[in-house]
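A short write-up of the structure that comes next.
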Amino acid sequence: MSQTLTLRRPDDMHLHLRDGAMLEGVLPETARHFARAIVMPNLVPPVVTAAEAAAYRDRILAALPEGQTFEPLMTLYLTEATAPSDVAAAAASGLVRAVKLYPAGATTNSQSGVRDFDKVRGVLETMAGIGLPLCVHGEVTDPAVDIFDREAVFIDRVLDPIRRATPGLKVVMEHITTKEGVAYARSGGADLGATITTHHLIINRNHILVGGIRPHYYCLPVAKREVHRLALREAATSGEVRFFLGTDSAPHADPLKENACGCAGCFTATNTMPILAHVFEEDGALDRLEAFTSLNGAAFYGLKPNPGHLTLAKTAEAARWPAKIDTGAGPVTVFDPGFPVRWHVRD
Ligand code: DOR
Ligand code: ZN
């Protein structure tokens, strides 16, 4: 008899779907298991206006294969020129669920992001007034700050001042990677949440660098020391409402990863749910997996849990998934956790 676990259908509260042929290739990987996802706006050019978000949403729905259902939860990319009125209208119509803050230069396609945080004060105040969450890529870009310290420094220099100056602003600390991130998330109330990725629960910086450089483990924020990975495991499996899944599944075609200057991003859409079941079982927290993947994120965004369910089964045989997804934009390597996973999603 195999062991089974049935959850409310999960949501991915931080996902990169891209556009065109890449979108068509990766969307089915997410829609197979997830009912909804917060879709990141860092296209080239970025999704800045409500009209652009509406058009992107239509392209996502058009790319969905027959027989799959999926609800994209759209975001706007915050620039220094973003108009508070456009944000308010996009939120009021129900089209846009959050605004994404990229410090300019922090990561993939962040060049149009924010340099001077004072220039977005008006937008942030409008968002606080209407309860629209700000999703934050929390890394400073100061070249003097070591890449492994950029998250902790961002919290002190940027995030905490923004939150103090904008009472009531709902903030999601995206893809936290440090014990400082965990602690800061816990210092907030119901207006502060934090997403945790699948890969940051599995890898530390040794996995990227020991015995050769492994480009498919390189992402931003970069994985940190083991002590930080363990803090993330403890937070994710705690059941606390402030922590929820945002995979940051971020496809790049293999030639762009296996490159002298490889792109940042791990592609985990395909195997996130089996890997998370493995992690939560290992930490004695299988009964809290549903909170992490299906309840806490929805509650933060003011959404009902999905009506459908997903069943996972543990068998003697290890789960199998393709090493790569073939997309019209090139092959995309699926994240390899580096150990056998015995949990499968039951179709
Ligand atoms: O690893 C990452 N990839 N981190 C990000 O913040 C962006 C993402 C991407 O878009 O590829
Ligand atoms: Zn991301």
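Hydrogens, waters and symmetry mates play no part in the numbers below; they use all other heavy atoms, side chains included. Because the structure is a prediction, the values reported are computed rather than measured. Every number for a ligand or one of its atoms is a count from 1 in the order of the listing.
Only side-chain heavy atoms of D248 come within less than 4.0 Å of ligand 1; its backbone N, CA, C and O stay farther off. Neither the backbone nor the side chain of K257 has any atom closer than 4.0 Å to an atom of ligand 1 (non-hydrogen atoms only).
Between F292 and F244, the distance from one ring center to the other does not fall under 6.0 angstrom. You'll find the ring centres of H278 and F339 inside the 6.0 Å limit. Residues H14 and H175 place their aromatic rings such that the two centres sit under 6.0 Å apart.
A donor-acceptor contact closer than 3.5 angstrom links the side chains of R163 and Y184. For the 3.5 Å distance criterion, the side chains of H137 and E139 qualify, holding a donor opposite an acceptor. A donor-acceptor contact closer than 3.5 angstrom is absent between the side chains of T247 and T198. With hydrogens and angles left out, the side-chain atoms of T166 and R121 include a donor and acceptor closer than 3.5 Å.
For H14, the N, O or S atom closest to the Zn ion (ligand 2) goes by the atom name NE2. Among heteroatoms of the N, O or S kind in D248, OD1 lies nearest the Zn ion (ligand 2).
Shortest contact from atom 4 (N) of ligand 1 to any protein heavy atom: L220 O, 2.7 Å. Closest protein heavy atom to atom 5 (C) of ligand 1: T107 OG1, 3.0 Å.
Remark: ligand 1 and P221 share no N or O pair separated by less than 3.5 Å (distance only, no angle test). The distance criterion of under 3.5 Å between nitrogen or oxygen atoms is not met by Y102 with respect to ligand 1. Polar contact check, A264 against ligand 1: a nitrogen or oxygen pair lies under 3.5 Å apart.
Atom numbering of ligand 1 starts at 1 in the shown order; those under 4.0 Å from a heavy atom of A250 are 3 (N), 8 (C), 9 (C), 11 (O). For ligand 1, the atoms sitting less than 4.0 Å from at least one non-hydrogen atom of C219 are 1 (O), numbered in the order shown with element in parentheses. Of all the atoms in ligand 1, the ones that sit under 4.0 Å from a non-hydrogen atom of H137 are 6 (O). Each of the atoms 9 (C), 10 (O) of ligand 1 lies under 4.0 Å from some heavy atom of N42.
Residues Y218 and L220 have side chains in contact (heavy-atom distance under 4.5 Å, counting atoms from C-beta outward).
For the pair R288 (side chain) and T237 (backbone), a donor-acceptor distance under 3.5 Å is present.
Note on H137: not counted as a metal contact of the Zn ion (ligand 2), no N/O/S atom lying under 2.8 Å.
Using a 4.0 Å cutoff on heavy atoms, M40 does not count as a contact of ligand 1. Residue-ligand proximity: H14 is placed with every non-hydrogen atom at 4.0 Å or more from ligand 1.
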Notebook entry, point to check: Yes or no on side chain to side chain contact (heavy atoms under 4.5 Å, CB included) for H207 and R214, after CA distance, side-chain angles and deciding distance?
Noted result: CA-CA 8 Å; H207 292 88; R214 311 221 183 232; over 6 Å; no
